[in-house]
Amino acid sequence: MEVLTEGVELSHADLALLSELAKGVTVDRVGRRLDISGRTVRRRLRGICDRIGVATAIEAVAWAARRQLI
């Protein structure tokens, strides 16, 4: 299932990733919690940033938090 906000689609997995980062969890630990590699987390995070038009993970977390998605 996808979440559509301002013409941007984010999956629940994308939001789970951002939610973990918002809690201060490291990228490698997020990977372990989601059963994926840290490299995969970074790649997915880059894709999220590109879709929502931000440059950093911190901006992506802030973007999602402002829209009450996480």
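- Between Arg51 and Glu9, no side-chain nitrogen of the basic residue sits less than 4.0 Å from a carboxylate oxygen of the acidic one, so the salt-bridge criterion is not met.
- The minimum heavy-atom distance linking Ala57 with Cys49 is given by the pair N-SG, 4.1 Å.
- Between the side chain of Glu59 and the main chain of Thr56, a donor-acceptor pair closer than 3.5 Å is present.
- The two residues Asp14 and Leu10 come nearest to each other via the heavy atoms OD2-CA, 3.8 Å.
- Closest non-hydrogen pair, Arg46 versus Val54, comes out as NH2-O, 3.5 Å.
- Of all heavy-atom pairs between Asp28 and Gly38, the closest is OD1-CA, 3.6 Å.
- The heavy-atom pair separating Ala64 from Leu18 by the smallest distance is CB-CD1, 4.0 Å.
- Rounded to the nearest 0.5 Å, atoms CG (Leu17) and OG1 (Thr40) are 10.5 Å apart.
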Does the pair Trp63 and Leu69 meet the rule for a side chain to side chain contact (heavy atoms under 4.5 Å, CB included), with working shown? CA-CA 9 Å; Trp63 183 93; Leu69 299 173; 3.8 Å; yes
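- Proximity of a side-chain donor or acceptor of Asp50 to a complementary backbone N or O of Gly47 within less than 3.5 Å is not detected.
- Shown here for Val61 and Ile70, the closest heavy-atom pair between the two residues is O-CD1, 3.7 Å.
- Distance check: Arg43 CZ to Ile36 CD1 gives 8.0 Å after rounding to the nearest 0.5 Å.
- In Arg39, the CZ atom is not crowded: 12 or fewer heavy atoms of neighbouring residues, nucleotides or ligands sit closer than 6.0 Å.
- No single ILVMFWY cluster, assembled from side-chain heavy atoms under 4.5 Å apart, contains both Leu45 and Ile58.
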